[in-house]
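This one's a predicted model, so the numbers in the text were calculated from it and none came from an experiment. Because only heavy atoms are used, hydrogens play no part in the values below, and waters and symmetry mates are left out as well, while side chains stay in. The sequence lines fix the lettering, A, B, ..., with proteins before strands; numbering per chain opens at 1.
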Number of protein chains: 2
Amino acid sequence: MADRKPEVEVVSPKRARTITDLARLAGVSPGTVSRALGGKRELVSTKTREKIEALAREHGFQLNQMASRLRRQKTGVIGVVIPLGHDRHQQISDTFFMTLLGYLADELTNHGYDLMLRRVIPDQDEDWLDRFIGSGMVEGVLVIGQSDQFDRIDEVADGYMPMVVWGNHKEGQRHCVVGTDNRLGGRLAAERLIAAGAKKLMFLGSSEPIEFAARYAGAKAVADKMGVSLGILPTHLNPDEAAGEIAEYLSANQITFDGVFAASDILAVACMKVLQERGVTVPDQIKLVGFDDLPIAAQTQPALTTVKQDIATGAKSMVNLLLRRIAGEGTESLVLPPTLVRRQSA
Amino acid sequence: MADRKPEVEVVSPKRARTITDLARLAGVSPGTVSRALGGKRELVSTKTREKIEALAREHGFQLNQMASRLRRQKTGVIGVVIPLGHDRHQQISDTFFMTLLGYLADELTNHGYDLMLRRVIPDQDEDWLDRFIGSGMVEGVLVIGQSDQFDRIDEVADGYMPMVVWGNHKEGQRHCVVGTDNRLGGRLAAERLIAAGAKKLMFLGSSEPIEFAARYAGAKAVADKMGVSLGILPTHLNPDEAAGEIAEYLSANQITFDGVFAASDILAVACMKVLQERGVTVPDQIKLVGFDDLPIAAQTQPALTTVKQDIATGAKSMVNLLLRRIAGEGTESLVLPPTLVRRQSA
DNA sequence: CGATTGATTGCAAACGTTTGCAAGAAAGCT
DNA sequence: AGCTTTCTTGCAAACGTTTGCAATCAATCG
């Protein structure tokens, strides 16, 4: 005997909670009810199936997913992790990641999966990834952004197939990643700035995250080839802080550049505002190119020329690859080509 | 006998998957392992506990959450639903909801809960809410935005305590809601516009969602009292569509207003752009007030005066109320006062 | 030294499904 | 009628934990 004494037999419970309740009502065995309601519908005669379905509706019966999933060893849940590596509060409002998350939610739903979201702060939690994977709650994991956790992710990937990461691809890495060709994006941006007449370029943002470093590298390659300069104006990624830093820089230095490549649209918008406040006109005096093509890019005045990451396709691809990995297939990483969206700022 | 024949006894499995594996390794019973690793640590002697913990680490053992949760009848998961009522694609990029989601994720994590995200399209799925609740996967539900599902939510609330909804409060409703006092927000906006000198106001956006209707109503009350007019310029909530609609309106009509209250910051930004494109200056010719105080509000040129919803507090409150409801406590709805953030646009 | 107490541990029954196997019923065939 | 074959259904064993109860053993007490 365990923790609960068996209850008195209830003749006609108003609400059927378990499959056994329903079986009693229908005068069949629990197994039959399971078959009638679950995946193996064709194994039960039409007549009994319909009776059971009617009773289920009538008594508001819902299958207990916990039990079902335990038995079937399938959870139907995909874990989505956002590691907050560099700066905890930067990412809270990171529109790009949130938008990606939205599309992932859509896509997973379409495939019948639920989405379990977890935000982790790796510094405070050594084995965040193992814990999530080993919990038995998720059939696969999507990681949004590698943050500064590249190595840990790469390590885990050896022993754990069903994981796909959003981020920059790096030669020789072992985990499957979907991301934009940031280098190419950087090239497109620099090319546009130069084509628009800029001679002295400035990269705006941090070059620490691997994605941003690649954007810078791409721009640098073009700049070198075309014989124009490319400086770096380092800022935080949070627009408020960045605005202050840009303003400070402009106060302290002569404006020695005529083209700005911002590491993200968020930074581009902040930059545009600071410039306008000082009476510098965009694009006349300074050309400006962003990155991401967030909705806001079309809403600035002048509208922002930017390098577009196709978030919808990215999300679709991540889910697609993950499902194939869950099925046991080995998959390669996927690098998506960005495109230049030309508006007014450059 | 069921589906799997029992495997040959493995003497020293490289990786302990189940608590029973570990028990065999440690030479104790599964129950003891469970106690050593689970909540009842003090029931097992220090010596055996340490031995078991060491073995667990060594063999990379992780408790199977599925089984644990089934047995304990606790899932440790809170469901978060975003019903996409009006316009499917509006919400994908709805920054406000996404930001709220971010804070909810933080707050739930702090309390040891996981977050299961589900986006539903009520039109295509009659009993979205019952299905989620009855799945046995979640201990409570947070609904982000009532969309047009007010009645269905209210209905469900009678029989299901652990649910908290973000949205507008309505007299006599039965479900527990946390939200901003939209009416007051509308008042603040109108008061500011009038104080800034506007005489003819225009409400921008749809008044169909209940939240927006309340914002309009609040503004209307002030307008009436102060003897200024308040028109409505109906738009979609998506900035791209809205921009087109605003432009169209301006082309077809004389500009008969000098103050705009936009139903959201997103719309305000779109409006500002359209005005600026036509050479109308903000705030000189037209005053503009938004709603939400999204990060973008500080980044426009001129910076947007707006009615701030305190998202962080909202998220904290939702989680707090939900936990109390899970504990069986009946809780009242909570209406948070918005504040006016005065910047340059009005 | 026997009896009482307290600390550890093992046993086995749940939690609510799913599903292989086999039995019984119905139908088809010779 | 007898024998196969095909449908339906019931039985009971899992899935991997947790936990009430009881048993064991050492320690304490009178």
Rounded distance in Å - [atom1] ([X]) to [atom2] ([N]):
X: Arg71(A); N: dA14(D); atom1: CZ; atom2: P; value: 9 Å
X: Leu70(A); N: dG16(C); atom1: CG; atom2: P; value: 12 Å
X: Lys74(B); N: dG16(D); atom1: NZ; atom2: P; value: 24 Å
X: Lys47(B); N: dT9(C); atom1: NZ; atom2: P; value: 8 Å
X: Lys40(B); N: dG10(C); atom1: NZ; atom2: P; value: 19 Å
X: Leu37(B); N: dT17(D); atom1: CG; atom2: P; value: 10 Å
X: Ile19(A); N: dC15(C); atom1: CD1; atom2: P; value: 14 Å
X: Arg72(A); N: dT18(C); atom1: CZ; atom2: C1'; value: 8 Å

Say whether, by atom type as modelled, one donor and one acceptor occur between the side chain of [X] and the main chain of [Y] under 3.5 angstrom.
X: Ser317(A); Y: Thr313(A); answer: yes
X: Asp114(A); Y: Val77(A); answer: no
X: Asn64(B); Y: Ala67(B); answer: yes

Please list, for nucleotides 22-27 of chain D, all pairs of protein and nucleotide N/O atoms separated by less than 3.5 Å.
none

Worksheet item: Are side-chain N/O atoms of Arg325(B) and Thr331(B) paired as donor and acceptor at under 3.5 Å?
Response: yes
Practice prompt. Assess the side chains of His175(A) and Gln146(A): does a donor N or O sit below 3.5 Å from an acceptor N or O?
Written response: yes
For nucleotides 9-11 of chain D, which of its nitrogen or oxygen atoms have a protein nitrogen or oxygen under 3.5 Å away, and what is each distance?
residue: dT9(D); atom: OP1; partner: Thr48(A); partner atom: OG1; Å: 3.3
residue: dT9(D); atom: OP2; partner: Ser45(A); partner atom: N; Å: 3.0
residue: dT9(D); atom: OP2; partner: Ser45(A); partner atom: OG; Å: 3.4
residue: dT9(D); atom: OP2; partner: Thr48(A); partner atom: OG1; Å: 2.9
residue: dG10(D); atom: OP2; partner: Ser29(A); partner atom: N; Å: 2.8
residue: dG10(D); atom: OP2; partner: Ser29(A); partner atom: OG; Å: 3.1
residue: dG10(D); atom: OP2; partner: Thr32(A); partner atom: OG1; Å: 2.5
residue: dG10(D); atom: N7; partner: Arg35(A); partner atom: NH2; Å: 2.9
residue: dG10(D); atom: O6; partner: Arg35(A); partner atom: NH1; Å: 3.4
residue: dG10(D); atom: O6; partner: Arg35(A); partner atom: NH2; Å: 3.4

Discussion item. Which residues pass the salt bridge (charged side-chain N to carboxylate O under 4.0 Å, His left out) test with Arg131(A), not counting sequence neighbours?
Written reply: Asp125(A)
Fill in: Heavy-atom pair of closest approach, residues Met98(A) and Arg119(A)
CE-NH2, 4.2 Å
Item to complete: Would you name the heavy atoms of Ala23(B) and Ser29(B) that are closest together and state the gap between them?
Response: CB-C, 3.7 Å
Worksheet entry | Cation-aromatic face contact Lys170(B)/Phe150(B), 6.0 Å, 45 degrees | yes
Discussion item. Measuring to OP1 and OP2 of dG16(D), would you say a side-chain N or O of Gln73(A) lies under 4.0 angstrom away?
Written reply: yes
Item to complete: Would you indicate what Ser68(A) reaches in the nucleic acid, counting non-hydrogen atoms under 4.0 angstrom: base, sugar-phosphate, or nothing?
Response: sugar-phosphate
